[in-house]
Novice: 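This is the structure I have questions about; it appears just below.
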Number of protein chains: 2
Amino acid sequence: MPRPDDSSTRSRPTSADVARLAGVSPTTVSLVLADKADRISDVTKEKVFAAVAQLDYRLNRTAQGLRHGRSSTIGLITDHIGVQPYSGPMVSAAHDVTWENRQMILMVNTTLEDDRTRSAVEDLLARQVDGILFAAIGTRTIHVPAPARRARVALVNAFANDGDFPTFLPDERGGARALARHLVQLGHREIATLAGTREAWATSVRVQETQAVLRSAGLSLGNRLFYGDYTFTTGYSLAQRVLELTPSPTALICGNDQMAAGAYLALARHGLRVPQDMTVVGYDDEPVATMLTPTLTTVRLPFYELGRRATLALLGKEPLEPGEELIPTTLRIRESSAPPAS
Amino acid sequence: MPRPDDSSTRSRPTSADVARLAGVSPTTVSLVLADKADRISDVTKEKVFAAVAQLDYRLNRTAQGLRHGRSSTIGLITDHIGVQPYSGPMVSAAHDVTWENRQMILMVNTTLEDDRTRSAVEDLLARQVDGILFAAIGTRTIHVPAPARRARVALVNAFANDGDFPTFLPDERGGARALARHLVQLGHREIATLAGTREAWATSVRVQETQAVLRSAGLSLGNRLFYGDYTFTTGYSLAQRVLELTPSPTALICGNDQMAAGAYLALARHGLRVPQDMTVVGYDDEPVATMLTPTLTTVRLPFYELGRRATLALLGKEPLEPGEELIPTTLRIRESSAPPAS
DNA sequence: CTGAAAGCGCTTACAG
DNA sequence: CTGAAAGCGCTTACAG
């Protein structure tokens with residue numbers, strides 16, 4: 001029967017123990033284990049490795065960090081670690097990149113409130129993190145606490161309201177334009193938008209760009225613009241309101257894939273088919289987009305890529321420069337968009 | 001303009017710097033900051049705090065950890081950090097509990113493959129974590145690498161295939177029975193099951209318990225048992241197959257809420273109403289359950305609670321004992337279940 | 001009420 | 001080719 005407490009108090013062997021057993025100095029042990037042992041004889045190396053194996057020794061990275069002044073650890077501060085499906089890919093990416101570089105992530109969820117964020121930064125700095133990543137689920141403005149400048153800093157899907165930090169953002173404008181052009185090119189003229197949360201930056205940018213594209217095609221959203229909150233529920237309920245409009249729209253731009261899924265259900269209950277009776281499109285390209293029948297045309301937001309690029313920069317694998325870096329979005333054309341019924 | 005590199009090389013003040021500025025010894029600084037300063041005069045304390053403020057000093061937790069032999073950090077090893085909505089609440093809970101206890105989490109996603117898990121454990125131990133949490137998204141068996149015993153260990157939603165570790169599991173059997181009884185009590189006799197992945201432990205346990213309840217009511221699933229994979233897509237497609245059965249079932253037990261949502265769409269396209277024409281129920285109680293119209297009757301799986309209890313135990317706030325601890329599941333009765341049409 | 005000294009487990013410049 | 005010594009930034013038992 002395992003006795004965790006017991007076995008963990010049995011104090012772990014140190015490099016001094018290894019040195020003693022191998023009959024060499026701690027210097028030699030350190031050199032061998034750090035692979036800086038060009039000058040050490042093979043026979044000595046063997047003795048060290050044998051002692052390491054015999055003692056089941058592992059290097060104490062805390063002590064090493066103290067000596068080096070680097071911890072090989074970065075901090076990740078987020079607003080909603082548990083919110084799906086957005087945080088998943090960003091966190092996964094940050095994780096994968098750090099893991100590939102033999103580093104680790106200390107994760108703190110502060111909702112990005114100023115007080116909690118400040119104390120998270122303090123705590124991370126006290127733990128000697130080499131860098132701090134600030135990541136938001138929905139693009140938003142955050143206040144980066146001043147002490148954070150003591151470490152390397154990068155922002156993912158967020159703007160700093162003061163100071164000029166390296167910032168990685170999705171190209172929302174490009175995505176919104178591509179989506180609107182797609183619908184116009186299919187021949188839609190009565191296009192409705194079930195937008196997301198009115199206060200969200202992404203919402204207003206997408207609506208702006210959509211309107212700009214329609215305008216240059218001699219069209220307009222007119223009274224076919226509704227605001228929800230990016231949930232399935234508001235997609236369902238707003239879709240019902242759209243169906244009361246005259247003339248009826250032929251295409252529905254939903255604020256995200258969740259809202260599009262809600263719209264599917266509302267349309268089905270009205271006996272309307274996608275895309276024959278109504279084109280439906282979304283944003284995000286989350287897993288449900290390909291699970292819906294018909295599959296959903298949507299704008300892929302590069303959450304994984306955002307996390308990846310920011311983390312690579314934070315770790316110094318790519319340049320870390322102040323200013324905004326736009327990561328491309330991609331229009332995924334699938335079955336849910338088609339020309340309007342003539 | 002911030003120059004991260006520059007400012008981070010400006011070496012941080014140490015407790016010795018604080019001592020010098022305050023005109024006291026490092027001993028006194030340590031005592032004051034650790035709040036073990038009963039015996040220190042107020043005037044001396046003030047001098048220390050003033051020096052701390054002036055230098056913007058923060059304690060080096062790495063050095064402190066080396067001295068104490070504890071890191072105030074735990075490791076979290078998961079199989080799918082990015083999988084929604086399951087990992088969210090478990091990770092959130094682990095985070096919240098550690099944060100409340102002034103600890104932090106080092107997160108590693110290994111897919112729980114043996115090799116990656118072993119090296120993650122090595123790395124976490126090298127970083128002197130005080131404990132390691134192994135968490136799986138879907139309940140499964142894992143191999144806990146032997147060296148993990150050097151730290152405190154707890155398992156969330158997973159069984160160890162060797163050794164007897166503290167293990168926190170959802171009470172799947174109780175949930176499945178409650179759900180089946182609910183349908184029987186409503187008067188359903190032709191009940192279909194759109195189960196999840198056939199190989200998953202939760203799937204087989206739920207099917208077993210469902211059949212046991214039906215049997216004791218003189219009923220049976222008969223040929224109304226189908227296996228999917230816990231996705232929206234299989235909920236949609238299997239629901240269509242159910243609709244071809246004669247006599248038609250009056251209730252649908254879906255493997256999870258995602259499959260139930262898929263079933264909603266299929267039913268809507270067949271012109272069938274929930275619950276008047278078909279009762280639909282799920283498992284998980286994820287956010288979509290209350291977003292669907294009608295709201296979904298489902299079995300709440302205690303993901304947050306699982307993460308919370310395991311982390312409290314790992315941190316020593318609750319007993320950490322080998323053996324399985326079942327966390328209750330809850331039947332959430334909502335609008336999607338009703339008596340069959342007579 | 002306060003301080004000098006040793007030590008946590010490493011690494012590195014230096015010496016031989 | 002290898003080792004003795006100092007030091008990373010803390011804390012603690014001991015002394016006064």
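Convention: sequence-line order gives letters A, B, ...; per-chain numbering from 1. Values in this document were obtained by computation on a predicted structure and should not be read as measured data.
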Novice: Please determine, for the side chain of B/Thr14, which listed nucleotide (D/dG9, C/dG9, D/dT11) has the closest atom?
Specialist: D/dG9
Novice: Any strand is fair game: report the nucleotide pairing with D/dA13 by Watson-Crick or G-U wobble, both distances under 3.5 Å, or none.
Specialist: none
Novice: Nearest nucleotide by nearest heavy atom, which residue falls closer to the 5' end of DNA chain C, B/Gly23 or B/Arg67?
Specialist: B/Gly23
Novice: Any side-chain N or O of A/Gln64 under 4.0 Å from OP1/OP2 of C/dG9?
Specialist: no
Novice: Can you confirm whether A/Asp35 is buried at CG, in the sense that more than 12 heavy atoms of other residues, nucleotides or ligands lie under 6.0 Å from that atom?
Specialist: no
Novice: For D/dT12, does OP1 or OP2 lie under 4.0 Å from any side-chain N or O of B/Ser30?
Specialist: no
Novice: What contact category does A/Ser41 fall into here, base, sugar-phosphate, or nothing, at under 4.0 angstrom with non-hydrogen atoms?
Specialist: sugar-phosphate
Novice: For A/Ala63 and A/His68, find the nucleotide of DNA chain C closest to each by heavy atoms; which residue's nucleotide sits nearer the 5' end?
Specialist: A/Ala63
Novice: To the nearest angstrom, how far is B/Leu31 atom CG from D/dT11 atom C1'?
Specialist: 9 Å
Novice: Counting only side-chain heavy atoms from C-beta out, which of C/dC10, D/dG3, D/dG9 sits nearest to A/Leu66?
Specialist: D/dG9
Novice: If you check every side-chain atom of A/Val24, which of C/dT2, D/dG3, D/dT2 has the closest atom?
Specialist: D/dG3
Novice: Under a 3.5 Å cut-off for both contacts, is C/dA4 paired Watson-Crick or G-U wobble with anything, and if yes, with which nucleotide?
Specialist: none
Novice: Picking from C/dT12, D/dT11, C/dG3, which would you name as closest to the side chain of A/Thr27?
Specialist: C/dT12
Novice: Mind calculating the distance between CG (B/Leu33) and C1' (D/dG9) to the nearest angstrom?
Specialist: 13 Å
Novice: For the side chain of A/Ser25, starting at C-beta, report the closest nucleotide among D/dG3, D/dT2, D/dC10.
Specialist: D/dG3
Novice: Mind checking the CZ-OG spacing from A/Arg67 to A/Ser30? Nearest 0.5 Å is all I need.
Specialist: 9.0 Å
Novice: Using a 4.0 Å heavy-atom cut-off, does B/Thr62 contact any base of the nucleic acid, only the sugar-phosphate backbone, or nothing at all?
Specialist: nothing
Novice: Looking at B/Asn161 and B/Thr141, would you say the former's side chain and the latter's main chain have a donor-acceptor pair under 3.5 Å?
Specialist: no
Novice: Check whether any side-chain N or O of A/Thr28 sits under 4.0 Å from OP1 or OP2 of D/dT2, and answer yes or no.
Specialist: no
Novice: Only one of B/Asn60, B/Thr73, B/Thr62 clears side-chain hydrogen bond (donor to acceptor under 3.5 Å, both in side chains) with A/Arg127; which?
Specialist: B/Thr73
Novice: Please determine, by modelled atom types, if A/Asp79 and A/Thr111 share a side-chain donor-acceptor pair under 3.5 angstrom.
Specialist: no
Novice: For B/Leu59 and D/dG9, what is the distance between atoms CG and P respectively, to the nearest whole Å?
Specialist: 12 Å
